[in-house]
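This report refers to the structure that appears directly beneath it.
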2 protein chains.
Amino acid sequence: MQPINFLLFQDFETLDAFGPAEILGSCEEFELRFYSVGGAAIRSAQGVVVQTQPLFAIDEGGVLLVPGGRGTRALVRDETFLQTLRALAAAAPFVLAVCTGSALLAKAGLLSGRRATSNKRAFDWAASQDPGALWQRRARWMADGKFYSSSGVSAGMDMALGFIADRLGRERAQALAAAIEYLWNEDRDFDPFSG
Amino acid sequence: MQPINFLLFQDFETLDAFGPAEILGSCEEFELRFYSVGGAAIRSAQGVVVQTQPLFAIDEGGVLLVPGGRGTRALVRDETFLQTLRALAAAAPFVLAVCTGSALLAKAGLLSGRRATSNKRAFDWAASQDPGALWQRRARWMADGKFYSSSGVSAGMDMALGFIADRLGRERAQALAAAIEYLWNEDRDFDPFSG
């Protein structure tokens, strides 16, 4: 099983992490693991307290998943965190950012010259982290090379299904969506929230 | 703030709890709290480990939320758990069951004579826990008195928004859905998974 390594931090957005966790964690090909810089209990912005492991234990062959949330506002100014993120992303075969998680990737310089998207209500802030990224305002999610990025919060679930479609086939993604009675927004260009 | 008391148990389904947690936890009127019978760390079926408090600390004025998941299969045979659930539900102003969480309410006798729904793939099993409940196969979610029940997994998010619409108004629910870029299935009778 390939690990899916969630990089959590204080005040991450609950569904950014646990929407994709539901979907990816229901695939027998993947195994979910939860990490944070300090390896402590991490509290989401909505008050879920999750146990995490410290990063030195991480299996770098795993897919890296970075949620967004109001905790990103401090982290874009945390050079130690950004350096850690750069090293983790360099080693990972795929990097999935949900919502303002893409602001962290951008500030770490990982999205320069790459197509990416982010939360629509924080879009300008996210985009300002690296004007050299090819920001797409109208997109449910984007994939460019090994980097995936989604629009706000619930779009992470559509991206997770899109990632599974790319890796394991579209029928598998459709079956997973049906099993959780989820109406998958399968068209990554359909974005009713881009206004 | 009114507490939303999540009753967690080993092998609960991740999104059953954390989909509604995202939505209800984003309302300033509510405060999320997570409980389990033993008050220990609880692992979801997908591998998220959450800190919970023991039940003796619960604020009974809070809304009770019961997720489903494969952990319910053992709990319908656990008379001590069912008795606890009866007491918690009796005290709560509202009881929200997601997915096969309604099987637990049914087995505890709480849904007799009430309209309720459940996960479509486990529907017959859930319904068999109390044939005296008025089971509705075609429904995204149901409300009867203080008891709400939803279809499978992701339907819990639609129900949470429906609960907010009932309590705080439809516009508030629509604004919350838009903020997390979620396409709310607002019609509780629309159920494409009821086959």
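Chain letters run A, B, ... following the sequence lines, proteins first and then strands; every chain starts at 1. Atom set for the values below is all heavy atoms of this structure, side chains included, hydrogens, waters and symmetry mates excluded.
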Return yes if a side-chain donor-acceptor contact under 3.5 Å exists between B:S149 and B:S102, otherwise no. no

Can you say whether A:E31 sits under 4.5 Å from chain B via the side chain, the backbone, both, or neither, judging by heavy atoms? neither

Looking at A:L85, A:D130, A:L82, which hits side chain to side chain contact (heavy atoms under 4.5 Å, CB included) with A:L110? A:L85

Taking A:D158, A:V50, A:V48 one by one, which has the highest count of heavy-atom pairs under 4.5 Å against chain B? A:V48

Report yes or no: is the cationic atom of B:R167 (NZ for Lys, CZ for Arg) under 6.0 Å from the centre of the six-membered ring of B:F94, at an angle within 45° of the ring normal? yes

Side-chain contact, heavy-atom cut-off 4.5 Å: B:F190 with B:P192? yes

Closest-packed option against chain A by number of heavy-atom pairs under 4.5 Å, given B:R33, B:M157, B:Q51: B:Q51

Please state whether the side chain, the backbone, both or neither of B:A179 comes within less than 4.5 Å of a heavy atom of chain A. both

Residue A:I23 versus chain B: region with a heavy atom under 4.5 Å: neither

Is it true that B:R137 and B:D124 have a side-chain N and a carboxylate O under 4.0 angstrom from each other? yes

Is B:F34 in contact with chain A via its backbone, its side chain, both, or neither, using a 4.5 Å heavy-atom distance? side chain

Taking every heavy-atom pair that is under 4.5 Å apart, which of A:A21, A:S154, A:G47 has the most such pairs with chain B? A:S154

For the pair A:W141 and A:W184, name the ring-plane relationship: parallel under 30°, tilted 30 to 60°, perpendicular over 60°. parallel

Between B:L32, B:I180, B:N185, B:D191, the one whose heavy-atom pairs under 4.5 Å with chain A are most numerous: B:I180

With B:R115 as the cation and B:F147 as the aromatic partner, state whether NZ or CZ is under 6.0 Å from the six-membered ring centre and within 45° of the axis. no

So which residue, A:T14, A:D16, A:V49, A:L24, ends up with the most heavy-atom pairs under 4.5 Å with chain B? A:V49

Side chain, backbone, both or neither: which part of B:L183 has an atom under 4.5 Å from a heavy atom of chain A? both

Between A:R140 and chain B, with a heavy-atom cut-off of 4.5 Å, which part of the residue counts as in contact: side chain, backbone, both or neither? side chain

Mind ranking A:T52, A:N119, A:V153 by heavy-atom pairs under 4.5 Å with chain B and telling me who comes out on top? A:V153

A:E79/A:R86 ion pair, N-O < 4.0 Å: yes

